[in-house]
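What follows is a short report on a single structure.
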Protein chains: 2
Amino acid sequence: MLTIRDIAAKAGVSVSTASRALNNNPRISLATRKRIQALATAEGYRPNYNAKNLTSGEANAVGVVFPTSDRNSTDNPFYIDLLRGINTELMKRQYVLSVAISKTADELLENVKAMVAQGKIKRFVLLYVHQADPVAAFLREKHLHFVTIGEPVDGHDDYFVDNDNLEAGIGGASFLLDQLAVKHPVFVESGHNWGYEQQRRQGYERVAAQYNVEPLTCKLNDLEYVQSFIKHHPEIDGIMATDDFNAIEFYRLLREQYVASHFPVVSYNHSLPTGLTDANLHSVNLFPEKMGSATVSLLFSDREETADKQIRIPYEIK
Amino acid sequence: MLTIRDIAAKAGVSVSTASRALNNNPRISLATRKRIQALATAEGYRPNYNAKNLTSGEANAVGVVFPTSDRNSTDNPFYIDLLRGINTELMKRQYVLSVAISKTADELLENVKAMVAQGKIKRFVLLYVHQADPVAAFLREKHLHFVTIGEPVDGHDDYFVDNDNLEAGIGGASFLLDQLAVKHPVFVESGHNWGYEQQRRQGYERVAAQYNVEPLTCKLNDLEYVQSFIKHHPEIDGIMATDDFNAIEFYRLLREQYVASHFPVVSYNHSLPTGLTDANLHSVNLFPEKMGSATVSLLFSDREETADKQIRIPYEIK
DNA sequence: CTGTTAGCGCGTTCAT
DNA sequence: ATGAACGCGCTAACAG
């Protein structure tokens, strides 16, 4: 294995000169810097992370924390794309992506604690937002950098990346009412009251008011409830759902009662393979990969008082 | 930060004694070992991974490699559950999960190379199986330990964890023909010819022969093809699909032409929220979390000549 | 059984 | 502008 000593020897300089040259220290003449850097690349020299981290006292790793259970917020391709966006950005900085994931909250917290205490990881990404989250509390207490995916609740002013869900709600509703000429759209959401659902609903309600249509919301609780809801609202002629799965589910139940009708649908995440439904489905792309890369730039931002603590990623309807 | 010197000092012994005691070295008397270990836990001592790794020359991390694109094999909750299974097992061993994920194959390979050269990672999990995969080739060449999720192709005898897909195919087909009393089942697969699809199809064909029914396979190529296929096969009265998405898609197209009919469905992965279809869907659970934990035990197995290089996880139909 | 010493690879004083 | 020497936290070889 090639160490910095080898490079120094081959270059005919001391180790410290080599080290400085490789780190672009201006105290070394530009000429020798270039020379040594060229040599290093030529020889295929790679610095040992463990040694670097040992001296610096900080790991070149970012901890990415998954929610304990995501059976409810089923945005799965979303996570994968997010990871891709995060990691591509981390690689540029010579950083590594470490994940914390577990079924139980206790084990997850233990995981994060080990990353901090033993792994010297000082930067984290939380792929979720929870009320009174022990992981976030721990990170705050230790004054470690972290960014959440999704706007914080509980009134914390953490750094975060999110979509502009209100704007996306407005955009989706306008698209439905304007372009698709729907008269009586229904807003479909899960029974969980997720933050992004509330925000998108607000956008929907605002547009509804503007178009003088009565806002109408259906939570996907039990089957009977939804079926009876549909029965009582025969006027529905279009769907706006908080994600693709909710959209498909409601669409199916609607068609069950009104077989022949045609219902345009707008939903979010762009996360399903085509062919799962015959609905005229317009899924809003939220660009998870961009969210990932924005997360990293926020995570490594200067964090001055003046700096923005949030990034909103725009959406796209097609 | 508490180092091993502090523990040694408080215990009134030398650093090396402390080190040995904490690593349970039998050269230290059991009494002092216990004493020092107790002290360490009491004081909340945590060894620094970077220092350990520097001396050992090997990182306490496992590299988990994602496929470059998974837009085709859409088993997403599958990946998350897999990660959970892997990480839970890694935590027990004081290991950390590092991921390599990227959009391009070149960048992915670069990612893995950095993990090896700079991160000193020596164990990997490949969440996929590809023909002539450069990552796998690199790992083989460097004689590093790795386990793939899915049976290797290309005739390599890598370590792997998989379902017994043939058996699962037989089980699924039997369930359909026997319990659900289907007479003319169709086997639905993607256009990709994945290994697991072929194996499940074999199982299906074997059972079909046994029940004296003509095997019938439909690849989900373009829409027109599938619609025409359905038109030419009005005898179909049940579906066996290689995953839930394929099942739902085919089911939908079938119902389009035969609205009133009832078609039992068997598919795999157990990966969708309920409510997405009105099909009588029996999705085979493949226990991804168990696969994850098996992967780790294989990754850390002794690797003697005699040892098995594979683990098959059983399935369950409900 | 335990302590002393050296060294892992690198960054960084402090000299020169 | 460059080099020598030390230290990060820990393990291991070598004493005793």
Below 4.0 angstrom, which residues in residues 24-36 of chain B have at least one non-hydrogen atom near DNA chain D?
B:Arg27

Does either side chain, that of A:Ser16 or that of A:Ser19, offer a donor lying less than 3.5 Å from an acceptor on the other one?
no

Could B:Lys113 and B:Glu141 be called an ion pair, given the rule that one side-chain N must be under 4.0 Å from one carboxylate O?
no

For A:Phe300 and A:Tyr95, I'd like to know if the aromatic rings sit close, meaning centre-to-centre distance below 6.0 Å.
yes

Report the residues that fulfil side chain to side chain donor-acceptor pair (under 3.5 Å) with A:Gln94, sequence neighbours left out, ordered by chain and then residue number.
none

What's the separation between atom CG in A:Leu2 and atom CD1 in A:Ile7, rounded to the nearest 0.5 Å?
4.5 Å

Quick one: what's the B/S/- string for nucleotides 7-12 of chain D, heavy-atom cutoff under 4.0 Å, read 5' to 3'?
BBBBBB

Kindly compute the distance separating CZ (A:Phe138) from CG (A:Leu144), expressed to the nearest 0.5 Å.
6.5 Å

Using a heavy-atom cut-off of 4.0 Å to chain B, what are the terminal contacting nucleotides of DNA chain C, in 5' to 3' order?
C:dC1 to C:dG9

If you measure from CG on A:Leu139 to NZ on A:Lys122, what distance do you get to the nearest 0.5 Å?
11.5 Å

ring-ring contact (aromatic ring centres under 6.0 Å, His included): pairs with one or both residues in residues 9-32 of chain B, sequence neighbours excluded:
none

Can the positive tip of B:Arg84 be found less than 6.0 Å from the middle of the six-membered ring of A:Phe66, inside 45° of the ring normal?
no

Between A:Arg33 and A:Asn24, is there a side-chain donor-acceptor contact under 3.5 Å, judged purely by atom types and distance?
yes

Using C1' atoms of five pairs at each end, report the bend of the helix from C:dC1-D:dG16 to C:dT16-D:dA1 rounded to 10 degrees.
40°

Axial cation check for A:Phe146 ring with A:Arg140, 6.0 Å and 45° limits:
no

Will you find, in the side chains of B:Tyr128 and B:Asp133, an N or O donor that is under 3.5 Å from an N or O acceptor?
yes

